[in-house]
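Here's the structure we're looking at; comments come further down.
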Amino acid sequence: MLKVALYLFCLVFLSSKLLADSEWMKRQNNYALKRVQDNISRDDTRIGFVVAATSKSDPNYYFHWVRDAALVMKSLDGYLPWAKKSQLFKNYTEIVLHHQSVNKLTGLGEPKFNPDGTSFKGHWGRPQNDGPALRALTLIDFASELLDHGNSTYVNDKLYRPELPAKTAIKRDLEYVAHHWTNLGFDLWEEVKGHHFYTRLVQRSALKKGARLAGKLKDPDAAAFYESKAAEISRSLEGYWDDSKSYIVTTLGGDPSEGLDYKISNLDASVILGAIHVDDADASFSVVDSRIQSTFFKLVDEFSKLYPVNQKFSGVGIGRYPEDTYYGGNPWFLITHGFAEAILKMVKVYRSQGGLQIDAINKKFFSLFLSDEINIGSISSDDPSFEAVIAKMKSYALTFIERSQKHTAASGQMDEQFHKKSGFMVGAKHLTWSYASYLTLYKAYIDDGTFTDSYGWRSE
Ligand code: NOJ
Ligand code: NOJ
């Protein structure tokens, strides 16, 4: 018995050697960048169309999902020369304007579109109101870049013009979000009808950033209106923290007559994805909010026990939520990447804040990577123990990357999921969002500034 325990210990210990070496990471980054671009404006789709994956059967993902497309386009930030980037984003703007005005079953919350530009009219969970918010967030960044380059004409023509009814892409989405954020809708996994934390978090961020853009573009009443709606959403978000569970629940209210009704735990990794997708260090529910960190802990704890593959290798593959049955319910690349990215973004915020805080709510989160006794209190960046904690956090982030590497094909191929028992890839092949999530993770990895930047992706 003792021998077996010792053997298991050694196995776990030895296999925890980091695989996430810089060469692999760089190669994977180049591969992901190529794959993402290959999935935009393909020969058999409309210009600007982003396919969710190249697979046309089991499952058929040859559609433009509003959510995936917005996140995929955003993942290109910092990776392309301006001339190339602006062309890609202008194409994307054209398809957004088209999707907003084309005939469809619901309004701007319509989730997906066919390659010929028509809306998908089959049975589906709709509306999905994270879509317009994510789309606005991506285009707001583009509009700001255009303004920095002195191109206010394009912004005024296509992206944001102070007029109602709105005819420009960002303004339409912001008006929709501001007027409909209290409506019931389906979650980002397209399964549950209710009021979702992820959706509200991205809606608040879109309105806040939209208000800033409106202010810049001489639309002060709209700016004030969007700000006031963002403040209302902020207040509603407080209700998602469940003190007795020690995590942020994913859905409140709801309508079980449509969609799933077996998601009993109400625990969902999308809470962490929301925090990294909005990347808003000053607002509530940022990556360093103790409630986000406590939820992170719960998810890691849950998935490390739930998936047998997590007992085989070091690091933890993360899935959508414990009760998931889609393809049997497995860890996903994009979520596992998101967890690494969340840690790296925390490091960045702690550095810029000049310290970190451990309290009763996030104490368990710190126990994920600190083996010593953890004391409640603040650690300032002058304190020598600060760097020690940061170093542990970064190594911990690498364990998620290492897990992703383990399940990635030698070619660099990443599908949607990896099997919870065998570890082999399952679900949509070459999922565009898997690659996009790798790009944003890699950027966070480099952006901490303390990693040796021997990759040179900025100059490529
Ligand atoms: C397709 C959706 O995209 C996926 O998220 C969901 O799990 C399955 N349908 C099953 O409802
Ligand atoms: C299923 C995922 O649950 C959903 O979030 C995504 O939009 C679609 N697949 C397309 O990738």
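Residue indices begin at 1 and follow the sequence shown.
Looking at H98, its side chain does come within 3.5 Å of a backbone N or O of G117 through a donor-acceptor pair. With hydrogens and angles ignored, the 3.5 Å screen pairs no side-chain donor or acceptor of T336 with any backbone N or O of S404. At distances below 3.5 Å, not a single donor-acceptor pair connects side-chain atoms of S55 with backbone N or O atoms of A428. For the pair K209 (side chain) and D141 (backbone), a donor-acceptor distance under 3.5 Å is absent. A donor-acceptor pair under 3.5 Å is formed between the side chain of S119 and the backbone N or O of N103. Distance alone, capped at 3.5 Å, places no donor-acceptor pair between the S294 side chain and the R291 backbone. Although no hydrogens or angles enter the test, the distance criterion places a donor-acceptor pair under 3.5 Å between the side chain of K312 and the main chain of K421. Using a distance-only test at 3.5 Å, with no hydrogens or angles considered, no donor-acceptor pair links the side chain of N39 to the main chain of V50. For the pair S144 (side chain) and I140 (backbone), a donor-acceptor distance under 3.5 Å is present. Under the 3.5 Å distance criterion, the side-chain polar atoms of E323 are matched with a main-chain donor or acceptor of S265.
Aromatic rings of F424 and H419 (six-membered ring for Trp) have centroids beyond the 6.0 Å cut-off, not under it. Taking the ring centroids of F285 and Y240, they lie at or beyond the 6.0 Å cut-off. Between W332 and W189, a ring centre-to-centre spacing shorter than 6.0 Å is recorded. Ring centroid separation for the pair Y435 and F333 does not come in under the 6.0 Å cut-off.
Rounded to the nearest 0.5 Å, atoms CG (L71) and CG (L334) are 9.0 Å apart. Separating the CD1 atom in I248 from the OG1 atom in T295 is a distance of 3.5 Å, to the nearest 0.5 Å. From L184, atom CG reaches atom NZ of K193 across 6.0 Å, with rounding to the nearest 0.5 Å. Atom-to-atom distance recorded for R403:CZ and S314:OG is 7.5 Å, nearest 0.5 angstrom. Rounding to the nearest 0.5 Å gives a distance of 5.0 Å between OH of Y326 and CD of E416. Atoms CD and CG, on Q37 and L80 in that order, are 5.0 Å from each other to the nearest 0.5 Å.
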Practice problem: Walk me through it: do E94 and I47 pass the test side-chain contact (heavy atoms from CB on, under 4.5 Å)? | Solution: CA-CA 8 Å; E94 287 306 323; I47 297 268; over 6 Å; no
Quiz prompt | Working for side-chain contact (heavy atoms from CB on, under 4.5 Å), residues Y445 and N29 | solution = CA-CA 11 Å; Y445 176 73; N29 192 58; over 6 Å; no
Practice problem: Kindly indicate, with the supporting measurements, whether the criterion side-chain contact (heavy atoms from CB on, under 4.5 Å) is fulfilled by E145 and S86. | Solution: CA-CA 9 Å; E145 267 187 283; S86 60; over 6 Å; no
Practice problem: Assess whether side-chain contact (heavy atoms from CB on, under 4.5 Å) is satisfied between I40 and L76, documenting all intermediate values. | Solution: CA-CA 12 Å; I40 303 172; L76 290 169; 4.0 Å; yes
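Side-chain contact, S152 with N156: no donor N or O sits under 3.5 Å from an acceptor N or O. Remark: the Q413 side chain and the D415 side chain contain an N/O donor-acceptor pair separated by less than 3.5 Å. Residues W65 and Q128 have side chains that never bring a donor and an acceptor to within less than 3.5 angstrom of each other. With hydrogens and angles left out, the side-chain atoms of T325 and Y262 include a donor and acceptor closer than 3.5 Å. Judged purely by distance below 3.5 Å, without hydrogens or angles, the side chains of Y226 and E175 pair a donor atom with an acceptor atom. Looking at T440 and E341, their side chains do bring a donor and an acceptor atom within 3.5 Å of each other. With 3.5 Å as the limit, one finds no donor-acceptor pair spanning the side chains of Y176 and Q100. R204 and S284 are linked by a side-chain donor-acceptor pair at a separation below 3.5 angstrom, with hydrogens and angles left out of the test.
Counting heavy atoms from C-beta on, the side chains of Q28 and M414 come closer than 4.5 Å. Proximity of W82 to L146: side-chain heavy atoms (C-beta onward) are separated by under 4.5 Å at one or more points. Between L306 and P322 the shortest side-chain heavy-atom distance falls below 4.5 Å. Taking the side chain as every heavy atom from C-beta outward, Y307 and E302 never approach each other to under 4.5 Å. Between H196 and N129 the shortest side-chain heavy-atom distance does not fall below 4.5 Å. The closest side-chain heavy-atom distance from E110 to V66 is not below 4.5 Å. With a 4.5 Å cut-off on side-chain heavy atoms, T153 and N151 count as touching. Between N330 and V309, every side-chain heavy-atom pair lies at or beyond the 4.5 Å cut-off.
The minimum heavy-atom distance between L139 and A169, with the atom names listed, is CD1-CB, 3.9 Å. K345 and A444 get closest at one heavy-atom pair: CG-CB, 4.5 Å. Closest of all the heavy-atom pairs between G315 and N310 is O-OD1, 4.2 Å. The two atoms that bring A178 and K229 nearest to each other are O-CD, 3.5 Å, heavy atoms only. The two residues Q293 and F366 make their nearest non-hydrogen contact at OE1-CE1, 4.3 Å. Shortest non-hydrogen contact noted between L273 and G338 is CD2-CA, 4.1 Å.
Taking 4.0 Å as the cut-off between side-chain N and carboxylate O, D268 and K263 count as a salt-bridged pair. Here E191 pairs with R320 in a salt bridge; the nearest charged N to carboxylate O distance falls below 4.0 Å.
More than 12 heavy atoms of other residues, nucleotides or ligands lie within 6.0 Å of NZ in K90, so this atom counts as buried by the packing criterion. Crowding of K34 atom NZ: a count of heavy atoms from other residues, nucleotides or ligands under 6.0 Å not exceeding 12.
The only member of V249, V271, T251, V202 that meets side chain to side chain contact (heavy atoms under 4.5 Å, CB included) when paired with F197 is V271.
The aromatic rings of F296 and F400 stand perpendicular to each other, their planes meeting at an angle above 60°, with 30° marking the opposite boundary. Aromatic ring pairs are classed by plane angle as parallel below 30°, tilted from 30° to 60° and perpendicular above 60°; the pair F369 and Y396 is tilted. Classified by interplanar angle (parallel below 30°, tilted 30° to 60°, perpendicular above 60°), the ring pair F313/H407 is perpendicular. The aromatic rings of W124 and F120 lie perpendicular to each other, with more than 60° between the two planes, well past the 30° mark. Ring geometry for W433 versus H277: interplanar angle of 30 to 60°, hence tilted.
Figure legend: R42 and F49 shown without cation-pi pairing, the cationic atom not lying both under 6.0 angstrom from the six-membered ring centre and within 45 degrees of its axis. Remark: K56 is positioned above the aromatic ring of Y62, its terminal NZ or CZ atom under 6.0 angstrom from the ring centre and at most 45 degrees off the axis. Figure legend: K298 and Y247 shown without cation-pi pairing, the cationic atom not lying both under 6.0 angstrom from the six-membered ring centre and within 45 degrees of its axis.
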